[in-house]
Amino acid sequence: MPRLPDLLRLLTRDELLAAADRLGVALPERRAKDPIVEALAAAPAATPEAVLADLKRDRLKALCRALDLDDSGKEKAEIIARLAGGPATSENRGQAKLDFAGTTDPPAPRRGRPPKALEDAVEALTPAPVSGTPTSDAPRRGRPPKAASAPATSLTPDEVARQAHDAQLAGKLTREQLERYLWAAADILRGSIDSSDYKSFIFGLLFLKRLSDRFDEECEQLRAEGIDVEDPDEHQFFVPVRARWSVIQKATTNLGEVLNKAAAALEESNGSLQGVLGGVDYNDQNKLGDVKQRDTTLHRLVMHFAQIDLRNRSLSEPDMLGRAYEYLIEKFADDAGKKGGEFYTPNQVVRLLVELLEPAKGMRICDPTCGSGGMLVQSAQFVAERGGSAKNLSLYGQEKNLGTWAICKMNVLLHGIVDHRIEKGDTLRDPKLLEAGGLMLFDRVIANPPFSLDAWGHEVAEHDPYGRFRFGIPPKGKGDLAFVQHMVATLAKNGRAAIVMPHGVLFRGASEGAIRKGMLEEDLVEAVIGLPSNLFYGTGIPAAVLLLRRGKPTERQGKVLFVEASREYREGSAQNFLRPEDVKKVVATVRAYADVERYARVVPIAEIAKNEFNLNISRYVETAEAQEKVDVADAVRKLRDAERARDEAKAVMDRYLKELGYGGT
């Protein structure tokens, strides 16, 4: 039978919050699901009957199906008792007791389905987590491939869409429901094409639907004001007729061609969208099959997205769609396994970097290896959380992978961020963020570049026209410090950078040692922070954050703060996670810039120079427990006393043995 924590994990965050508020359970954290589960599991009032009491019958039945339990019956009390693990007979209906120690077997499933492990049920209803003998030089793209994750719910995509549609009509569509609805679109494609491919189709259709719905909303406002709705200048994005959802939805044949032409027309009418949708081919026979199969699949997707209105007024939170889009990116990253690290950095790692940098309104912020744009989006959210406006923030990025670049562009646009410039191309070989013939300078630079990139551009670095590699040229097969030097070259006066790096950059010798030496002698390194292993997709190795700064405050000059944060995290089955409290501790330590026993130490650069500019954290932060000093003379005295006591006891024993006739000497 399910243990209480496992049963709680099947519920959505909104359902958990409602139960906690109703039962008066104090919560340490309301945004993350795990702390809510832990608080409810520890609360005496949170019995299964009490937690599940307000759920509707259909929801209870869905939980039963996920657990392979019989979902029959009209009485909620009977279904709740079944979920709680007690017998649901007419005699004790509504008063079944739970044995959470697991001593009673759950009711046998009816309908002939074999019972499954509880873990499978939990996997079916909860989002999969985002993902050793670590070696500092291992490439970051290495997690073995895994099967596509299970759908987030046991319901079919049509059932999920219907629930979301009904909830929106009732004015009660939650972000969690919207997330499930969007992810259910992947179920339509799952099994027919590779999980690493179908994200482009889902993101493309979602973006088309959002722009079309928002265009319709603008048209209503313009008509009310007597303004021509077909004037492109009156719209943020003008949607031509063939790209409007009402037209797309009517098509029943050659849907791939219809969608391709819709995407092309949208890009043609909006210069800022050039390339965003063009990389998706809805007529791809290799991925979507022949014409009949394509039409069937694409029609299902179009009808699925038609169920929800994505106008601003139909969404209960200002950034509801943007956050749901982030959820999709995370889910696709987990589904893609080792490839997920190419476009996604786990949320709490991003949060750590953003809080370390403290971006503020009016700043220029850049991620030169921006992936799907999560670091730029969180930088804007950080400013908004502190009363600023993302409209007063300029976001810049560059991304080599064209498909990922398109996802990034959609991401910032769906978050309502207008002032951005995301370039396509190789940052090291062909930097695109230029002005007045030179590199643009930024107040904040934030990045998680690919670890130990092999073919990074060593052959062109010596004649770099922008003079980025003045500290030295990194080795051919290790591009880490090439990225770091690019970012240093783009820092404005008093600019700061937070960069995720493999540990190898802290201690490797030869040209990398010379680069470290040059950066330290210019006093650019503010802090080095060690992170736990297995935080990232595609690699289990531990990473470090390099915090760089031009124009350090006087009290920090000539010093480097080392933080050993690798031992504090939440362990997951396939991946480890930084907790909010871990992020807060690191940020507080960096802001204080002071020693913390067995955790952090401020080290003079002169001491680092004596260690040949080695930045290995363990050289400077002692993490072992201090050993108690031993008084040798006292220990010897105690040993002699023990030996005398032993000899006396032996003499007494020998005497008794002799008296008993056993002889002895």
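Everything numeric here is computed off the predicted structure, so don't read it as measured data. We count residues from 1, following the sequence as given.
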* Asked: Does any N or O in the side chain of Arg294 come within less than 3.5 Å of the main-chain N or O of Gly256, such that one atom is a donor and the other an acceptor?
  -> no
* Would you call Arg59 and Glu15 a salt bridge, taking side-chain N to carboxylate O under 4.0 Å as the test? -> yes
* To do: Consider only side-chain N and O atoms of Asp419 and Ser394, and report whether a donor and an acceptor are under 3.5 Å apart.
  => yes
* Asked: Leu357 versus Phe382: any side-chain heavy-atom pair under 4.5 Å?
  -> no
* Hey, is the main chain of Gly403 close enough, under 3.5 Å, to the side chain of Asn401 for a donor-acceptor pair? -> yes
* Asked: Taking only residues two or more places apart in sequence or in another chain, which ones pass salt bridge (charged side-chain N to carboxylate O under 4.0 Å, His left out) with Arg244?
  -> Glu230
* Asked: Hey, does the side chain of Asp582 reach the backbone of Arg579 with a donor-acceptor pair shorter than 3.5 angstrom?
  -> yes
* In sequence, state the C-alpha distance, the side-chain angles, and the governing distance for Gln285 and Gln293, and then conclude on side-chain hydrogen bond (donor to acceptor under 3.5 Å, both in side chains). => CA-CA 9 Å; Gln285 183 172 344; Gln293 185 178 349; over 6 Å; no
* Can you check whether Pro359 reaches Val354 side chain to side chain, under 4.5 Å on heavy atoms? -> yes
* Asked: Would Glu217 and Arg214 pass as an ion pair if we require N to O under 4.0 Å?
  -> yes
* Check: Thr369/Asn448 side-chain N/O donor and acceptor closer than 3.5 Å -> no
* **salt bridge (charged side-chain N to carboxylate O under 4.0 Å, His left out) partners of Asp426, counting only residues at least two apart** => Lys400, Arg429
* To do: Considering only NZ, NE, NH1 and NH2 on the basic side and carboxylate oxygens on the acidic side, decide whether Arg162 and Asp166 come within less than 4.0 Å.
  => no
* Asked: Yes or no on side-chain hydrogen bond (donor to acceptor under 3.5 Å, both in side chains) for Gln307 and Asp158, after CA distance, side-chain angles and deciding distance?
  -> CA-CA 9 Å; Gln307 294 296 314; Asp158 290 344; over 6 Å; no
* Side-chain heavy atoms of Phe215 within contact of Trp245, under 4.5 Å -> no
* Is Glu385 paired with Arg351 through a side-chain N to carboxylate O contact shorter than 4.0 Å? -> yes
* cation_pi(Arg421, Tyr396) dist<6.0 Å, angle<=45 -> no
* Looking only at heavy atoms, what is the nearest atom pair of Ala380 and Leu393, with distance? -> CA-CD2, 3.6 Å
* To do: Measure from the ring center of Phe577 to the ring center of Tyr569 and say whether it is less than 6.0 Å.
  => no
* Asked: Less than 6.0 Å separating the ring centroids of Tyr282 and Phe201?
  -> yes
* By ring pair (Phe, Tyr, Trp, His ring centres under 6.0 Å) - contacts of Phe203 (at least two apart) -> Tyr325, Phe332
* Asked: So which heavy atom on Leu353 is nearest to which on Ala498, and how close?
  -> CD2-CB, 4.0 Å
* So, Asn283 and Glu257: side-chain donor and acceptor under 3.5 Å apart, yes or no? -> yes
* Are Lys585 and Glu568 close enough for a salt bridge, meaning some N to O gap below 4.0 Å? -> yes
* **Exceeds 12 heavy-atom contacts within 6.0 angstrom, atom NE2 of His235** => yes
* Asked: Mind checking whether Trp456 and Pro450 have side chains closer than 4.5 Å, heavy atoms only?
  -> no
* Can you find a pair of side-chain heavy atoms, one from Ser269 and one from Pro240, that are under 4.5 Å apart? -> yes
* Side-chain donor-acceptor contact under 3.5 Å, Asn534 with Glu571 -> no
* Structure fact -> For Leu277 and Phe207, the nearest pair of non-hydrogen atoms, with its separation, is CD2-CD2, 4.0 Å
* Flag side-chain contact, heavy atom, 4.5 Å: Arg210 against Leu321 -> yes
* To do: Would you confirm whether Glu159, through its side chain, and Thr156, through its main-chain N or O, come within 3.5 Å as a donor-acceptor pair?
  => yes
* Would you check if there is a donor-acceptor pair between the side chains of Gln381 and Glu326 at a distance under 3.5 Å? => yes
